[in-house]
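In this text, all values refer to a predicted model and were calculated from it rather than measured experimentally.
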Amino acid sequence: MSSPIVLAPEVASALAEGQAVVALESTIIAHGMPYPQNLETALRVEQTVRQAGAVPATCAVVSGKLRAGLSAEELEHFAQKGRSIAKASRRDLGYLVSRGLDGATTVAATMIIAHLADIRCFATGGIGGVHRGAPATFDISADLQELAHTPVAVVCAGAKSILDLGLTLEYLETFGVPVLGYQTDEFPAFYARTSGLQVDYRMDSPEAIARLLRAHWGIGLRSGVVVANPVPEPYALDAKAMEEILAQAIAEAERQHIRGKALTPFLLARIEQLTGGLSLKANIELVCNNARLAAQIARALADEQPRRLENTPEKGAPQRR
Ligand code: PSU
Ligand code: MN
C-alpha cells in the first residue's frame, strides 16, 4: 500500500533520528489571518520552533497529497490564496485527496496528518470548540472529536470566548481529553490569560508535560491532550472589552446567517477589524509563544526516547520507511 502521507526530507530525517518535530496547522495561515501577516507569522513560527531546537512541520493538503513540512514557496501559496483554498477538517480530507486539490488543515486535520507521520507535538493558536448556542445549532468543532481519539498533544492559548468555554471543557472531559495549564491553574481564553474556568492539571515545566504524555499514551490511552499556554502578558487584551466585541461579532454573524465552517473565519476577521488590529498582534505573539513551548515539549519527549506508538487502523506506513 502506498503511503497516504508525504514528509519533507528534513522532517523525515528528524523523525528517523528521533529528533524533536513540531506539527503546525495551515488553516490559521489561509483562513485565520490576512496577507501578508499570515505569511510573516507562518515563517516566524517555523523560525521559533527551530530556535528552540526542533524541526517544524507545517501540515496541509497540497495537490491531493497529505503533507508534513512545506517549502517557503508553498507557505507563500497558502498565504496568498487565503480563503480561496478549502478549509480542510477530517470530513474534507478524502474529497480533497480524490480530486487532487489543496486544503488548509484545521486542528483536527493537522492532528490526523501529525499522527500518520508519528509527530506527537503540535502548536496552534486556539482550538475549535463548542460554539455558544450549540444546544440549538449543534455547532461543535470537529477538533474536539479529533482530540477524543487521536494521540497528539495540542499546544494552544486555550480557546476564544466566541465559544462556550465551559461546555468545551465539559465535552473534553466526557471524551477523556486531559486539559493541562502551563504555569497556570486557569484555562486561558486566547486573547485573555484567564477565563474563570480551571484546567485539570497545572504543569510548570515542559519536562513535566512530557512525562504526563508518556504516561497517558504509555498506558494505552489513545486520546489527544490539550496544553493550554496563556498569551504573553504584554499582548493580552482586556477580557471585558473583548467580551463586548465578541458579542457584536457573533450578533452580526447571526444576522448575516453565517454558519458551518464559514463561522470561525468570519468571526476572526471581524474581531480583527473591531479591535483595530490589536487582536491580530496578540494572535501572532501567542502562536509564537505556543510554538516555543511545543518545541520544548517535543525535545523533552525526544530526550526520553519514547517507545513508539503501536499502529492503529488509521495509520499506514509513512514513506520514509
Ligand atoms: N480558532 C482560532 N484561530 C483559528 C482557528 C480557530 O482562534 O485559526 C481555526 C483552527 O484551524 C481550528 C478551526 O481548527 O479554526 C476550527 O474551525 P471550526 O470551528 O469550523 O471547526
Ligand atoms: Mn463548526
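When atom types are taken as modelled, the side chain of Lys65 and the backbone of Val6 share no donor-acceptor pair closer than 3.5 angstrom. Side chain of Asp143 to main chain of Ala108: a donor-acceptor pair is present (N/O by atom type, distance under 3.5 Å, no hydrogens or angles). Proximity of a side-chain donor or acceptor of Trp217 to a complementary backbone N or O of Ser223 within less than 3.5 Å is detected. Between the side chain of His31 and the main chain of Ile85, a donor-acceptor pair closer than 3.5 Å is present. Side-chain atoms of Asp164 never come within 3.5 Å of backbone atoms of Arg132 as a donor-acceptor pair (strictly under, hydrogens ignored). Put simply, the side chain of Asp102 gets close to the backbone of Ser63: a donor and an acceptor are under 3.5 Å apart. A donor-acceptor pair under 3.5 Å links the side-chain atoms of Glu186 to the main chain of Gly196, judged by distance alone. At distances below 3.5 Å, at least one donor-acceptor pair connects side-chain atoms of Asp200 with backbone N or O atoms of Val179.
Tyr201 and Val177 are assigned to two separate hydrophobic clusters, defined by single-linkage of ILVMFWY side chains at heavy-atom distances under 4.5 Å. A single hydrophobic cluster is seen to contain both Leu163 and Phe190, as judged by linkage of ILVMFWY side chains at heavy-atom distances under 4.5 Å, directly or through other members. In the hydrophobic cluster analysis, where Ile, Leu, Val, Met, Phe, Trp and Tyr join through side-chain heavy atoms closer than 4.5 angstrom, Ile140 is grouped together with Phe175. Residues Met203 and Val226 do not share a hydrophobic cluster, defined by chaining ILVMFWY side chains whose heavy atoms lie under 4.5 Å apart. A continuous path of Ile, Leu, Val, Met, Phe, Trp and Tyr side chains, each step under 4.5 Å between heavy atoms, connects Tyr191 with Leu169, placing both in one hydrophobic cluster.
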key: Chi angles and distances behind the side chain to side chain contact (heavy atoms under 4.5 Å, CB included) call for Leu286, Tyr235   = CA-CA 8 Å; Leu286 67 82; Tyr235 303 100; over 6 Å; no
inquiry  = For a salt bridge (charged side-chain N to carboxylate O under 4.0 Å, His left out) check, start with the C-alpha distance between Lys240 and Glu244, then their side-chain angles and the critical distance, and finish with the verdict.
reply    = CA-CA 7 Å; Lys240 231 169 143 202; Glu244 280 166 32; over 6 Å; no
inquiry  = Could you go through Gln37 and Thr41, starting from their C-alpha distance and side-chain angles, then the distance that decides it, and tell me whether this counts as side-chain hydrogen bond (donor to acceptor under 3.5 Å, both in side chains)?
reply    = CA-CA 6 Å; Gln37 288 94 335; Thr41 305; over 6 Å; no
message = With side chain to side chain contact (heavy atoms under 4.5 Å, CB included) as the criterion, how do Val152 and Arg120 come out once you've worked through the C-alpha distance, each side chain's angles and the decisive distance to 0.1 Å?
response = CA-CA 5 Å; Val152 172; Arg120 284 160 315 140; 5.6 Å; no
message = Set out, in order, the CA-CA distance, both residues' side-chain angles and the distance that settles side chain to side chain contact (heavy atoms under 4.5 Å, CB included) for Leu293 and Val227, then state yes or no.
response = CA-CA 9 Å; Leu293 177 59; Val227 179; 4.1 Å; yes
Candidate pair Val22 and Ile119, rule side chain to side chain contact (heavy atoms under 4.5 Å, CB included), full reasoning = CA-CA 7 Å; Val22 173; Ile119 300 169; 6.0 Å; no
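Counting heavy atoms from C-beta on, the side chains of Ile271 and Leu246 come closer than 4.5 Å. Here the side chains of Tyr182 and Ile209 are in contact, with some heavy-atom distance below 4.5 Å. Between Val97 and Pro4, the closest side-chain pair of non-hydrogen atoms is not below 4.5 Å. For the pair Arg222/His115, a side-chain contact is recorded, criterion being any heavy-atom separation below 4.5 Å from C-beta on. Contact annotation: the side chain of Glu243 approaches that of Ser161 to within less than 4.5 Å [non-hydrogen atoms, C-beta and beyond]. Between Arg44 and Val287, every side-chain heavy-atom pair lies at or beyond the 4.5 Å cut-off. Within the 4.5 Å cutoff, side-chain heavy atoms of Glu74 are placed close to those of Arg67. Looking at heavy atoms from C-beta onward, His216 lies in side-chain contact with Pro178 at the 4.5 angstrom threshold.
Taking NE2 of His149 as the reference point, atom CD1 of Ile112 lies at 7.0 Å (rounded to 0.5 Å). With values rounded to the nearest 0.5 angstrom, Leu263 atom CG is found 11.0 Å from Gln256 atom CD. Residue His77 holds its NE2 atom at 12.5 Å from CG of Leu39, rounded to the nearest 0.5 Å. Atoms OG1 and CZ, from Thr27 and Phe78 in turn, are 9.5 Å apart once rounded to the nearest 0.5 Å. Rounded to the nearest 0.5 angstrom, Leu43 CG and Thr48 OG1 are separated by 10.5 Å. Note that CZ of Phe187 is 14.5 Å distant from CZ of Arg193, once rounded to the nearest 0.5 Å.
Legend: residues meeting side-chain hydrogen bond (donor to acceptor under 3.5 Å, both in side chains) with Thr184, ordered by chain and number and at least two apart, are absent.
Of all non-hydrogen atoms in Ala68 and Ile5, the two that sit nearest each other are CB-CD1, 4.3 Å. In this structure, Gly181 and Val199 approach most closely via the heavy-atom pair N-CG2, 3.6 Å. Taking both residues in full, the closest heavy atoms of Ala123 and Ala294 are given as CB-CB, 3.7 Å, listed atom of the first, atom of the second, then distance. Residues Ala109 and Ala88 come closest through the heavy atom pair CB-O, 3.2 Å. Pairing each heavy atom of Ala54 with each of Pro56, the nearest pair is O-CD, 3.8 Å. Scanning both residues, Asn283 and Gly32, for their nearest heavy atoms gives ND2-O, 4.4 Å.
Evaluated for a side-chain contact (heavy atoms from CB on, under 4.5 Å) with Val61, the options Asp92, Leu101, Leu93 yield exactly one hit, Leu93. The side-chain hydrogen bond (donor to acceptor under 3.5 Å, both in side chains) test with Ser26 singles out one residue from Thr58, Asn38, Thr105, Thr106, and that residue is Thr105.
Ion pairing between a basic and an acidic side chain is recognised when a charged N comes within 4.0 Å of a carboxylate O; Glu207 and Arg214 show no such pairing.
Heavy-atom contacts from other residues, nucleotides or ligands closer than 6.0 Å to CZ of Arg202 number more than 12.
Applying the side-chain hydrogen bond (donor to acceptor under 3.5 Å, both in side chains) test to residues at least two apart or on different chains, the pairs with a partner in residues 266-275 are Glu252-Arg270, Arg270-Gln273, Thr275-Ser279.
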